[in-house]
Amino acid sequence: MLIELLEEYFQREEPQRERDYFYVSEVGKCPRQIFYTVKGFPRPPLDGQTARKLAAGEEAHRRIVQALYGLGIVVAAEVPIPPGALFHGRADAIVSLGGKNYVVEIKTVHPYNFDQMYTAPRNDHYLQLQLYLHYFQIPQGIILAENKATQELREFLVELDRPAVGRVLAQFEELREKIFVRGELPPLPDKSDWEYDQCKYCPFVNFCKEDVDRVPLLSKAIPELPVLPEPHERETRHLGLFDEP
């Protein structure tokens, strides 16, 4: 009775809008998934359970940032990177500790993922923070991870890695030329360095299998897309399941 009503209440359609820029949170994602996202391809509706997980993650971010404010160490929160950059994005917080500023990225992660981050952060989290350090010109930052199940915290001190930043910027400059200038569908990527099977959870897998490179007209049949559960490897972020401002 109540479960059916609540599921219907929480479920929602995901936004489908075209854009001409990348989000910092897309670093580490499959270039084809990025193509289908920025081109506004249709995606499955967000089921109620996943919507609740997202809401819980957003609440965790607010709770942690509020605690940082309570400690009196916050310099700024939800800080957007400079306009006109290759990427769009907002750092969770900048804090001051011992006379130094640190960019803080808060990640709420599945217990399995949390266990895998015992000695080092996930590579995509690391590279996302590197971009914030680059754009804010702050030489150090902290990845603060919270276990979704237990609220256990783990932190990683990260120094600016200029070679890594250079590789990411070069990769996405090439991707911008391919997607936004030439309008080309990127080739299938080398999956050897993936931290998990992105294809298994991709909402655009049916388009990808057919190499579709144009948004289907509303009057035409759209390939049936599965309603996917949140994967263990996905961290909860702001707004939609696949986007972050």
Side-chain angles (χ1 to χ4, degrees), residues 2-3 6-7 9-12 14-15 23-28 46-81 87-98 100-133 135-136 138 140-158 195-196 201 229-245:
L2 287 179
I3 290 178
L6 288 169
E7 288 297 324
Y9 176 83
F10 280 106
Q11 69 182 3
R12 67 174 188 262
E14 283 286 87
Y23 288 135
V24 171
S25 61
E26 289 173 328
V27 172
L46 197 64
D47 64 276
Q49 182 180 9
T50 303
R52 293 192 297 276
K53 289 179 180 180
L54 286 170
E58 291 166 358
E59 175 56 34
H61 276 73
R62 288 191 291 268
R63 169 169 44 79
I64 292 173
V65 171
Q66 183 178 15
L68 296 177
Y69 269 111
L71 292 169
I73 60 175
V74 175
V75 176
E78 293 295 317
V79 193
I81 61 178
F87 291 92
H88 286 202
R90 296 196 301 260
D92 291 322
I94 297 175
V95 302
S96 178
L97 296 169
K100 291 183 178 180
N101 286 341
Y102 295 80
V103 179
V104 179
E105 267 294 277
I106 301 167
K107 301 291 186 182
T108 54
V109 297
H110 188 277
Y112 172 83
N113 204 5
F114 191 83
D115 290 341
Q116 300 301 307
M117 296 168 61
Y118 185 76
T119 59
R122 254 175 48 175
N123 188 55
D124 56 342
H125 297 171
Y126 174 83
L127 294 178
Q128 289 165 23
L129 179 56
Q130 287 297 331
L131 287 180
Y132 288 127
L133 299 181
Y135 284 119
F136 294 131
I138 296 177
Q140 58 274 320
I142 297 171
I143 295 173
L144 182 63
E146 181 180 272
N147 187 318
K148 288 181 180 180
T150 66
Q151 285 68 59
E152 179 184 355
L153 295 173
R154 191 167 288 161
E155 65 179 350
F156 303 95
L157 179 63
V158 174
E195 295 175 298
Y196 65 95
Y201 304 103
E230 182 186 24
H232 291 347
E233 298 84 356
R234 183 185 301 286
E235 78 278 8
T236 305
R237 293 293 300 171
H238 306 294
L239 298 183
L241 183 59
F242 305 106
D243 284 335
E244 176 196 27

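- Distance check: I143 CD1 to I106 CD1 gives 12.0 Å after rounding to the nearest 0.5 Å.
- Between V65 and A77 the shortest heavy-atom distance is CG1-CB, 4.1 Å.
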- Task: Check the pair I81 / F136 against side-chain contact (heavy atoms from CB on, under 4.5 Å), numbers first and verdict last.
- Result: CA-CA 7 Å; I81 61 178; F136 294 131; 4.0 Å; yes
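- Nearest approach of G57 to T108, heavy atoms of both residues: CA-OG1, 3.9 Å.
- For I3, the CD1 atom sits in a loose shell: 12 or fewer heavy atoms of surrounding residues, nucleotides or ligands are nearer than 6.0 Å.
- Annotation: side chain of E58 is in contact with side chain of R62 (closest heavy-atom distance under 4.5 Å).
- Looking at every heavy atom in both residues, N147 comes nearest to P111 through OD1-CG, 3.5 Å.
- Each of H61, R122, M117, Q128 was compared with K107 under the side-chain contact (heavy atoms from CB on, under 4.5 Å) criterion, and only Q128 meets it.
- Once rounded to the nearest 0.5 Å, the distance linking NE2 of H125 with CG of L144 reads 12.0 Å.
- Considering V95, L68, I94 as possible partners of V75, the one that fulfils the side-chain contact (heavy atoms from CB on, under 4.5 Å) test is I94.
- Summarising the geometry, atom CG belonging to L133 is positioned 11.5 Å from atom CG belonging to N101; distances are rounded to the nearest 0.5 Å.
- A heavy-atom distance below 4.5 Å is found between the side chains of Y102 and L157.
- Distance check, rounded to the nearest 0.5 Å: CG of D47 to CZ of R52 gives 8.0 Å.
- Shortest non-hydrogen contact noted between D124 and G28 is CB-CA, 4.4 Å.
- Within 6.0 Å of CD in E7 there are more than 12 heavy atoms belonging to other residues, nucleotides or ligands.
- Within a 6.0 Å sphere centred on CD of E155, heavy atoms belonging to other residues, nucleotides or ligands number 12 at most.
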What's the verdict on side-chain contact (heavy atoms from CB on, under 4.5 Å) for F87 and V27, showing C-alpha distance, side-chain angles and the deciding distance?
-> CA-CA 10 Å; F87 291 92; V27 172; 3.9 Å; yes
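- Note that the CG atom of L97 and the CD atom of Q140 stand 9.5 Å from one another [nearest 0.5 Å].
- Counted within 6.0 Å of OH on Y69, heavy atoms from surrounding residues, nucleotides or ligands total more than 12; the atom is thus considered enclosed.
- The two residues A76 and V79 have their closest heavy-atom pair at CB-CG2, 3.6 Å.
- Looking at every heavy atom in both residues, V24 comes nearest to G89 through CG2-CA, 4.3 Å.
- Side-chain contact between F114 and K148 is absent, with no heavy atoms from C-beta onward closer than 4.5 Å.
- Within the model, atoms CG of L129 and CG of D92 stand 10.0 Å from one another, a figure rounded to the nearest 0.5 Å.
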